[in-house]
Amino acid sequence: MVAKTLIICEKPAAAAKIAVALAPGQPEAGQLNGVPFYNFELEGRRVTVVPALGHLFVLKNLKPLRDYPCYEVGWVPAYRVGGRATRTKAFIEAIRELAKDATDFISACDYDIEGSVIAANVLRFICGEEALRRAKRMKFSTLTAEDLRQAYEHLLPRLDYELIEAGVARHLLDWYWGMNVSLAMSTAVRLAEQRFVKLSAGRVQTPTLRILAEREREIRSFKPEPYWVVNLVVDLNGMEGVAEHVKGRFSDRVAAERVVAACREKPARVFSVEKHRQQRSPPPPFNLSDLQMEAHRCLGYSPLRTQQIAQELYQAALISYPRTDSQKLPPSIDFRRIIEQIGSASAEYRRPAEELLSLPELRPREGEKTDPAHPAIYPTGQRPEGLTGQQRKLYDLIVRRFLSLFGRPALLESMRVDLDVGGERFFIRGRRVLEEGWLKYYGDYAATEEAILPELQEGQSLAVKEVRLEERQTQPPQRYNPASIVKRMEEVGIGTKSTRAQIVQNLYERGYITGRQITVTDLGMQVVDSLLRYCPEITSEELTATFEREMDAIQEGKKTKEEVIERARAELDRILAKFKQHQLEIGRLLAASYRASLLKQRNLGKCPICGGELRLTVSRATHKRFVGCSNYPRCHNSFPLPQAGTIHPLGEACKFCGAPVIQINRAGARPYRMCLNPDCPAKKNR
DNA sequence: GCAAGGTC
């Protein structure tokens, strides 16, 4: 029998690249139940390259989760857990079939902790312990043909068992902490109130919730304080301008009034005119989190939505791999070809593409961040066809960002004019673009607001149209939105590029947070409070850091997986025992805040007639939903509602009639906003 | 039912 090597890859795209790189000619491509694989001969051996689909095996409790602590878990095929990952069944079966006559095995998954676990589980559970023991390892950091061939020629003689052990420990620790604390909270509510509420906690989700809860507390306890500003409306050679007093905020009204009095009936004299020129370089290439931030800012997409659309564009071969941290684009990418193709595919990119192609050299701006496996996100140049509206917009953002990278820096001129009025000093700033550079390629996404001031001379006298005293209030800190909290998670080092957006989404689904400007619900606040008291470890990003140190120790052979697991169990035993002692009290608090959150969720706004709460209500007679007043039967105010879709209060009053505004989300339709009042004057003219 | 991590 001819020897046969089975090369196991992390994903289909990697399998294709590895096969093409290693095969002497064109590899023979096959399929088993929709799972691609590749055959070729190399130095007298048969080689088969087959992909996994990420993790094909996941941890599952071995007996029903009735009580905690529970540490009995094992690996099972991913398709057997929940209704998801159904495709993994075909992958497991295809690998089993292709492994039948294999004599040698190579792991060619990503050389990181998860990739090592993916390959090890495939080997152990599909190919057998013997295969796991004898398998060799391809080690590469990019999927270029050159790197892949090198990795094959210099095969590591064994798997990195320490890395695998570290990876398995990570899975177990996350399961132990997450499942047990989640189970403890749900059990507490069930025992205290005989009802089930799906509650969860985890190494990443709980510190994230805590960050949001701390911001919520700052906002709730914020006491706005008044302050005053003095503004000067002046005539700048025929153009109206508003100058600000150099002192900025006056905490004392009397002092501000004195300034106003000092300026009254006096002309303004131009005291000084300062101009500065500054260059602004293009922003770096997109990695996933930068794309998520920018798509939120420019297009209003949630990070999860952006990730989904980017995945679709990747699968349509329009952009490179989106789950990357890298802000770098290696010169091996054929920038000239890509820009040519972008320019010829669409009229709107033709001019920018032609301009860039006329440059002597195409060198992109790069950022600092790197990724071991993938470059930054860039368009492939393939002609887009049949895109949905959202896909088209995200693609446009990616293309324009890419083109911007090659543009010259923009040249901006900023101007500061200081004015003197009766001995009081004011200033006004202007800004204009002298050379557009990359800004014109980034188009509307480049937010450079110009404020062009006319030429003014020192000593020149200007007419003062008005001296304004304005009372303002200090503002509470800004709320996070889904994009900024994902960014914050990245900064504090929790979650991964692939999971952060989903974890934030889970916080919404648990009812812990709500709104695009994120508000933490009573339930979310109580979850954080309870855990801060009884399991503070899980509320801190330090737990991730601790895990990472433990993983490093296992990789370096300083600790064994068993020691690490044993210590975690002992710590959890102690924490969970304390939790259990107080579970009735914890359960009552959690249940009470859960009820309060549900009630608030039904509140859509104030009743314009009696000042009560307008509430989402279901009619006993017809089972249809409508909006009723909390003061019923004293107040009979009510509004009809559309019967399909989910309803979200926006906390705003209609500009035209004062009724609360709601948003309706329907599957397959774009969310729309409406005010509750069917007789609103704004609806009359349609 | 309950995590976090890979993937399409």
Side-chain angles (χ1 to χ4, degrees), chain A residues 9-15 34-36 51-61 64-70 73 75 78-79 81-92 109-110 112-122 166-190 195-209 307-317 321-323 373-374 489 494-507 509-510 512 527 538 543-544 547-548 551 572 576:
Chain A
C9 311
E10 184 146 330
K11 50 184 175 276
V35 178
L53 195 66
H55 285 293
L56 297 182
F57 298 87
V58 296
L59 289 177
K60 187 175 182 332
N61 47 305
L65 278 175
R66 293 228 172 79
D67 197 10
Y68 65 93
C70 171
V73 294
W75 294 100
Y79 62 85
V81 177
R84 300 192 310 274
T86 48
R87 287 193 64 202
T88 56
K89 187 167 203 267
F91 278 74
I92 290 172
C109 290
D110 296 353
D112 55 28
I113 194 164
E114 296 300 330
S116 300
V117 174
I118 290 168
N121 281 343
V122 163
V168 171
R170 201 282 302 155
H171 281 263
L172 287 169
L173 290 183
D174 269 332
W175 201 96
Y176 286 180
W177 280 88
M179 285 299 192
N180 279 297
V181 178
S182 299
L183 192 57
M185 289 197 299
S186 304
T187 306
V189 173
R190 186 166 49 78
R195 74 188 293 175
F196 178 77
V197 180
K198 192 196 277 185
L199 295 174
S200 66
R203 173 177 58 85
V204 180
Q205 62 169 269
T206 306
T208 304
L209 181 60
Q307 197 169 331
Q308 288 163 345
I309 302 169
Q311 174 68 19
E312 291 159 11
L313 294 174
Y314 164 68
Q315 278 168 247
Y321 194 71
R323 285 186 291 274
H374 304 283
M489 292 167 79
I494 54 178
T496 72
K497 53 191 176 273
S498 312
T499 59
R500 290 183 194 115
Q502 182 63 56
I503 284 170
V504 171
Q505 183 60 34
N506 291 345
L507 296 178
E509 285 171 12
R510 293 277 176 275
Y512 293 169
V527 165
I538 209 169
L543 192 60
T544 290
F547 273 30
E548 281 168 2
M551 301 309 109
L572 273 166
L576 294 167

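Here is how names work: the chains are called A, B, and so on, in the same order as the sequence lines, proteins then strands, and each is numbered from 1.
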Check this for me, if you would: do A/K198 and A/E509 make a salt bridge, where the nitrogen-to-carboxylate-oxygen distance has to be below 4.0 angstrom?
no

Expected string for nucleotides 3-8 of chain B under the B/S/- scheme (protein heavy atoms, under 4.0 Å, primed atoms plus P, OP1, OP2 as sugar-phosphate) is BBBBBB

Legend entry - A/S498 backbone acceptor or donor facing A/Q307 side chain under 3.5 Å: yes

Notebook entry, point to check: Between A/H55 and A/W75, what is the ring plane arrangement, given parallel below 30°, perpendicular above 60°, and tilted in between?
Noted result: parallel

Rounded to whole Å, CZ of A/R66 lies from C1' of B/dC2 at a distance of 15 Å

For A/Y176, the ring pair (Phe, Tyr, Trp, His ring centres under 6.0 Å) test, sequence neighbours excluded, returns A/Y71

For A/E10, the side chain to side chain contact (heavy atoms under 4.5 Å, CB included) test, sequence neighbours excluded, returns A/C109, A/D110, A/I118

